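These numbers come from the heavy atoms of this one structure, side chains and all, not from hydrogens, waters or symmetry mates. Quick caveat, the model's predicted, so the values are computed rather than measured. Counting starts at 1 for both ligands and their atoms, following the listed order.
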Amino acid sequence: MMILNYRATFTLFILLFLGINTSVFSQTYARNGMVVSDSEIASQVGVDILKKGGNAIDAAAATAFALQVTHPTAGNIGGGGFIVFMKSDGNVTTFDFREKAPLAASPDMYLDENGEVIGNINHLSSKAIGVPGTVAGLYKAQQKYGKLDWKEIVQPAIDLAKDGFEFNWSLYFSGRYFSAQETFPFMKNYFLNASGELIQPGETWKQPELATTLTYIRENGRDGFYKGPVADGIVEFMKENEGIVTHEDLLKYEAIERNPMHGTYKGYDVYSMPPPSSGGVAMIEMLNMVELADAETIPFNSTNYVHLVAEAMRRAYADRAEHMGDIDFNPDLPLDHLISKEHAQNLFNSIDWQKASVSDSSKFSQLYDGESTTHLSVLDKDGNAVSLTYTLEFGYGSRMGSEKLGFIFNNEMGDFNPQPGVTKRNGQIGSDPNQIAPEKRMLSSMTPTIVAKDGKPYLVIGSPGGRTIINTVFQTVLAVLEYNMRIDRAISALKIHHQWLPDRILYEENTLSPDTRIALEAMGHTLVPVSNLGVLMGITYDPEQQLMTGAADASSGEGAAVGY
Ligand code: GLY
């Protein structure tokens with residue numbers, strides 16, 4: 001029998017009174033503000049900022065800095081990402097702080113004399129490090145739209161780094177792995193205490209060098225990272241390790257405010273990230289296709305559901321592979337066409353309801369994207385919403401960092417096409433739009449998203465997961481809007497992934513019935529189980545009840561929704 005304590009019983013009573021379904025307490029409810037992130041400590045930092053009078057942008061920036069301290073596999077100041085921001089007046093804007101290729105980068109920088117990629121250097125070497133964008137992006141967004149003083153935004157992260165916080169099991173498992181091997185010298189020492197021993201769960205982890213770096217950022221804002229001692233430390237690291245990021249690269253880095261990608265789904269407005277992310281375009285394409293189906297006749301999780309969703313993915317990812325890249329280097333990207341309802345109608349018409357299509361490999365596909373990214377969602381009491389996804393690319397990025405600075409550098413250059421003109425069935429792409437060029441931003445799949453109803457935030461959602469991000473966010477949006485699922489149920493519901501090439505459906509094991517699998521295979525689909533897809537962080541808002549509901553994906557080790 002389930003035993004409920006007094007507070008849980010009281011909450012249950014109130015929620016039942018309000019007519020809210022309460023069968024599981026994996027959601028958090030609030031009226032005044034909510035932050036959901038991959039670290040409960042970081043979510044609490046964001047809520048404390050809201051309580052101090054900060055808005056959603058203030059809270060998102062403070063949470064992002066805190067994640068650098070508490071969730072360093074992906075939380076970062078050495079990487080980059082995107083913000084989608086919906087203001088309480090209904091206007092939506094975005095910030096692009098994606099990393100850039102250094103000035104010394106070139107299309108063939110990873111190739112040997114035979115034109116082949118040398119080992120894994122586009123992913124794991126100092127030459128895989130792109131010019132970081134996070135500090136510039138958080139600073140630009142906060143200075144333009146935040147309410148609190150910048151110093152108040154960075155201070156909680158400094159406190160966490162300086163005074164320490166409780167080392168958790170996720171960090172311990174990372175530490176056990178890295179401390180036992182020689183390949184990544186910075187990571188070997190990263191989780192050790194002053195006596196050179198691996199910190200144990202429950203002990204306090206302090207990061208004094210990181211605290212100093214963050215103090216420069218607190219005092220000098222953007223310049224605290226791109227100029228002065230931190231910039232000097234970055235360049236010194238590059239010189240000692242054959243990296244190519246220079247002072248000039250750092251000085252020239254600018255975050256960019258861009259218009260969002262905007263689509264609609266049955267009366268809802270869907271806002272997400274434009275290029276250099278492919279996320280917004282591909283997700284809107286898929287929603288447009290699914291909107292054309294008769295959803296009443298397609299139950300969630302049925303054979304037809306998986307078939308429809310997979311076929312929509314196949315088509316959107318084919319477009320992604322062919323067209324997507326940095327908009328500033330590809331001004332003619334056909335964005336309006338790709339997200340148009342007419343294009344979706346043509347693609348939808350090509351779906352055969354009896355059998356799987358075959359991906360046309362004479363076009364292109366895309367190489368592996370790293371999966372260590374992290375997402376945070378924020379909603380404040382005035383109705384401002386932030387959806388922020390940022391990344392180091394792989395878990396712990398390049399696995400390289402400066403001992404003096406105390407943070408890890410990204411390996412985001414691996415998101416470019418490494419071999420011009422060479423496309424392989426394994427997924428490597430050689431098309432033009434995402435080839436390496438100095439100062440270009442590499443293509444991303446990050447899909448920070450805000451869905452609005454009547455001009456107000458209705459769903460704030462995003463996920464890590466490399467190229468799977470677009471699909472996990474798309475399916476969660478669909479689960480909420482089309483299948484009326486609560487946010488925790490939508491996050492934990494079946495996720496599949498098809499990316500055009502390789503031509504197969506990945507699905508979360510034990511979430512698809514054997515009968516459905518057999519039926520899909522009979523239609524010609526290839527199905528491959530994977531343990532997990534996505535680590536979603538979401539908030540929904542019910543304007544009638546004036547209720548915020550948040551949920552962190554159960555697959556996030558330390559994540560949590562915190563509200564007040
Ligand atoms: N590094 C993963 C992405 O940007 O999509």
Side-chain angles (χ1 to χ4, degrees), residues 38 64 67 71-84 94-101 120 122-125 128-134 137 255-256 258 261 272-283 313 316-317 320-321 323-327 365-376 387-400 408-418 427-429 433-434 436 440-449 461-474 497 499-500 506 533-537:
D38 240 322
L67 283 165
H71 185 67
T73 182
N76 71 79
I77 55 174
F82 304 114
I83 286 172
V84 176
T94 77
F95 287 90
D96 164 3
F97 49 101
R98 183 68 161 163
E99 300 93 324
K100 285 168 64 169
N120 205 17
N122 60 325
H123 290 297
L124 282 178
S125 78
I129 302 172
V131 184
T134 295
I256 301 173
R258 300 184 189 275
M261 293 310 302
S272 193
M273 204 59 213
S277 181
S278 55
V281 173
M283 181 183 59
M313 291 171 177
Y317 274 70
R320 174 190 186 275
H323 297 291
M324 290 287 120
D326 184 352
I327 187 90
S365 84
Q366 181 100 16
L367 189 62
Y368 174 75
D369 300 332
E371 297 192 351
S372 203
T373 299
T374 188
H375 179 81
L376 63 99
S387 190
L388 185 160
T389 315
Y390 71 154
T391 184
L392 288 170
E393 167 66 348
F394 282 9
Y396 300 99
S398 63
R399 288 101 193 251
M400 292 181 177
I408 297 162
F409 295 116
N410 70 81
N411 60 331
E412 217 71 55
M413 292 290 285
D415 274 354
F416 278 119
N417 300 343
Q428 178 174 306
I429 183 174
N434 190 34
I436 304 170
K440 192 173 184 177
R441 286 158 149 89
M442 57 294 287
L443 185 63
S444 173
S445 299
M446 289 186 281
T447 314
T449 296
I461 189 76
S463 178
R467 247 182 304 176
T468 70
I469 294 173
I470 312 169
N471 284 336
T472 54
V473 174
F474 156 61
H497 172 69
Q499 59 176 48
W500 188 51
L506 305 184
L533 289 168
V535 185
L536 293 131
M537 302 287 154

Contact region, Arg467 to ligand 1, non-hydrogen atoms below 4.0 Å, reads neither
Would you mind telling me if ligand 1 is within reach of the side chain of Glu99, the backbone, both or neither, using heavy atoms under 4.0 Å? neither
Side chain or backbone, does Glu412 bring an N or O within less than 3.5 Å of an N or O on ligand 1? yes
What I want to check is whether the side chains of Arg467 and Ser278 have a donor and an acceptor closer together than 3.5 Å. no
Ignoring hydrogens and geometry beyond distance, is a side-chain donor-acceptor pair present between Thr389 and His375 at under 3.5 Å? yes
Do the ring planes of Tyr390 and Phe97 sit parallel (below 30°), tilted (30 to 60°) or perpendicular (above 60°)? perpendicular
Report, in ascending order of atom number, the atoms of ligand 1 lying under 4.0 Å from any heavy atom of [X].
| X | answer |
| --- | --- |
| Arg98 | 4 (O) |
| Met446 | 4 (O), 5 (O) |
| Glu393 | 1 (N), 2 (C) |

Write down the atom of Val281, the atom of Met324, and the distance for their closest heavy-atom approach. CG1-CE, 4.0 Å
If we ignore hydrogens and angles and just use 3.5 Å, is the side chain of Asp415 paired with the main-chain N or O of Gly466 as donor and acceptor? no
